[in-house]
Amino acid sequence: MKKYVIGLDYGTDSVRAVLIDTENGAELATSVSYYQRWKKGQFCRPEENQFRQHPLDHIEGLEKTVSDVVKESGVAPENIVSICIDTTGSSPLPVDKDGIALSLLPEFSENPNAMMVLWKDHTSIREAEEINDLAKNWGGEDYTKFEGGIYSSEWFWAKILHISREDEAVKNAAYSWMEHCDYLTFLLSDHKDLATFKRSRCAAGHKAMWHESWNGLPSKEFLNQLDSSLAELRDRLYDKTYTSDEVAGNLNEEWAAKLGLTTKTVIAVGTFDAHSGAIGAKVEENTLIRIMGTSTCDIMVAPNEIIGDRTVKGICGQVDGSVIPGLMGLEAGQSAFGDVLAWYKNLLTEPTINILMNSDAIDDDQKQLLKEEIENSMIRHLTLEAEKIPLSETVPIALDWINGRRTPDANQELKMAISSLSLGTKAPHIFKALVNAICFGARKIVDRFEDEGIKIHKVIGIGGVARKSPFIMQTLANVLNMPIVVAASDQAPALGAAIYAAVAAGIYPNVQEASQKMGSDFEAEYFPQKEHVEQYEELMQHYQILADFTENNIKSKKKLTVDSL
Ligand SMILES: Nc1ncnc2c1ncn2[C@@H]1O[C@H](COP(=O)(O)OP(=O)(O)O)[C@@H](O)[C@H]1O
Ligand SMILES: O=C(CO)[C@@H](O)[C@@H](O)COP(=O)(O)O
């Protein structure tokens, strides 16, 4: 009997499912569903960095995409042996005693604090700062040490602390909190005991300061100093964690019926999108996998012997088994990558579209057509124009911190800056400066890995930007002075999830073998252009000067505010 698996990848805007042949990784069917409430901007306040998602968006997407791929592929349900889910993270949500998301209960259905707190929500900067202060000064274990030494407002405890303080009702009703990948896995699974449910090692290790050496999560004593509710919550969370080659349970009856599958299908332990993306792109030692989309995640694996007792400074953590069981998984990333360009696109298109929509010069159908054309072609247009600007022509210098800095050295309070604007600066000049900036931000990460003794021999790009923008990929190859290959799969994270599913179902003995057999092919390679590398090196120094200036300026402003209190 031929065996098939399903990988589900929950991204920032949409979820996609792929149905994969376990023999060779061939994709038989794929389906994408955009989150409806999120698309309308519901429950978000971007001006305050509040980004929340209603779990109904995810549940509706689950039903639609999986039913679609089952139907489209024509594969018999009993031949679909396993499912694995990856999601963004840290994207936690509060649940009741039965593991039901609070926002699915009538009393919380419109309350953003009861919803999933998306990775890019930065409402808990203060709380992250408090966690960092305490970890460094409380006299006990520095629980941030395997998280790069700095806890981020993008992560689990900071978000829970923030919401617990802001919303008494949610704090009291939250029996537990789950990472998005655990929540959805729990939803599908027939294992319905929250206390023993297998939570993701990847999520716990990278974002919740879980580590074997201190028996799991940070101690109650530590958490109590932040807030007694966190110490109480610890008892209702977990001690053990599991890698995604393990089975979390069988598909439960309710969801088997909804999806057109059987209860024999097993559900693998959940994971994060970036880590499964690395598996989909055949990650191996000394290879940096860059998942380049809205943000970036930079993933590496290294043998535990090489890492030893070392803690790699300024990254998003080193976690045994977060990518490949038995190897150390290392994660870094940029809080905004494609989002920097999306911000600029919106800056240009929004006023133009407003004028267009209020104009009497054309009819409504024409307005709609033009609006879509402007929205869809702006980045392409700017790319073509920016490509024409010779490297010898001055363009502004920009930073990539529009959503703070994830790594190296997390600091979500940082803001973006642009310098060296003149009357001659045109939109494509700024666009080019932004492209340079996101590539320089990437270079800082590569430099940090290498400075910390983690050697990079190869770079693999996956994700929307890697596949859509040869301009950015060529710039990146020049800035890193390294060749970069791009994975051919449009859905590398979903494919990676499917690979985990195949191992959990016992089809392959381990993740490495499955990844080599089922992982994506490569479609393009970008080589550094010798004649440009030096010029980028010079521009990088300008980036560094602006970065130092901006960071110091923000520090001084903060000091001024503290001093004046
Ligand atoms: N032609 C393009 N060139 C550069 N960036 C692009 C282009 N088209 C889309 N993007 C960027 O890609 C990002 C989305 O990446 P994608 O991988 O599809 O999504 P996600 O990160 O949610 O998984 C957006 O931030 C958008 O600005
Ligand atoms: O931070 C992580 C994983 O650790 C990602 O989930 C986060 O960057 C979101 O990824 P996308 O940019 O939406 O693909």
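Order of listing sets the numbers, starting from 1, for every ligand and every atom in it. Atom set for the values below is all heavy atoms of this structure, side chains included, hydrogens, waters and symmetry mates excluded.
Checked for salt-bridge contact, Lys371 and Glu375 meet the test: a charged N lies under 4.0 Å from a carboxylate O. Checked for salt-bridge contact, Asp490 and Arg16 miss the test: no charged N lies under 4.0 Å from a carboxylate O. Contact check on Lys313 versus Asp451 returns no salt bridge, with no Lys/Arg side-chain nitrogen under 4.0 Å from an Asp/Glu carboxylate oxygen. Comment: Glu393 does not engage Lys388 in a salt bridge, judged by the lack of any side-chain N to carboxylate O separation of less than 4.0 angstrom. Salt-bridge annotation for Lys458 and Glu285: absent, with no side-chain N of the basic residue lying under 4.0 Å from a carboxylate O of the acidic one.
Among protein heavy atoms, atom 13 (O) of ligand 2 sits closest to Thr12 OG1, 2.4 Å. Remark: minimum distance from atom 8 (O) of ligand 2 to any protein heavy atom is reached at Ser295 OG, 2.7 Å. Shortest contact from atom 14 (O) of ligand 2 to any protein heavy atom: Asp273 OD2, 3.7 Å. In terms of protein heavy-atom proximity, atom 25 (O) of ligand 1 is nearest to Gly338 C, 2.9 Å. Shortest contact from atom 9 (C) of ligand 1 to any protein heavy atom: Lys468 NZ, 3.7 Å.
Side-chain contact between Met482 and Val446: present, with at least one pair of heavy atoms (C-beta onward) separated by less than 4.5 Å.
Residue-ligand proximity, Arg406 to ligand 2, at heavy-atom distances under 4.0 Å covers atoms 1 (O), 7 (C), 8 (O). Below 4.0 Å from some heavy atom of Phe272 lie the following atoms of ligand 2, by number and element: 4 (O). Residue contact check: Ile472 has heavy atoms under 4.0 Å from atoms 4 (C) of ligand 1. Those atoms of ligand 2 with a heavy atom of Glu331 less than 4.0 angstrom away are 1 (O), 3 (C), 4 (O). In the vicinity of Asp339, heavy-atom distances shorter than 4.0 Å reach the ligand 1 atoms 25 (O). Applying the 4.0 Å criterion to heavy atoms of Lys207 picks out, from ligand 2, the atoms 4 (O).
Screening Arg406, Lys444, Arg448, Arg290 for a salt bridge (charged side-chain N to carboxylate O under 4.0 Å, His left out) with Asp298, the sole residue that qualifies is Arg290.
Ring planes of His211 and Trp214: tilted class, angle from 30 to 60°. Taking the six-membered ring for Trp and thresholds of 30 and 60 degrees, Phe440 and Tyr543 have ring planes inclined between 30 and 60 degrees apart.
Here atom 13 (C) of ligand 1 lies nearest to Gly293 when heavy atoms of Gly464, Pro493, Ala336, Gly293 are compared. Of the candidates Thr294, Leu341, Val435, Asp273, it is Thr294 that places a heavy atom closest to atom 20 (P) of ligand 1. Compare Gly464, Gly89, Ala274 by their heavy atoms: the one nearest to atom 2 (C) of ligand 2 is in Gly89. Taking each of Thr383, Val465, Val340 in turn, the one with a heavy atom nearest to atom 12 (O) of ligand 1 proves to be Val465.
Taking the six-membered ring for Trp and the full ring otherwise, Phe272 and His206 have centroids separated by 6.0 Å or more.
For Ile379, every heavy-atom contact with ligand 1 shorter than 4.0 Å involves the side chain, none the backbone.
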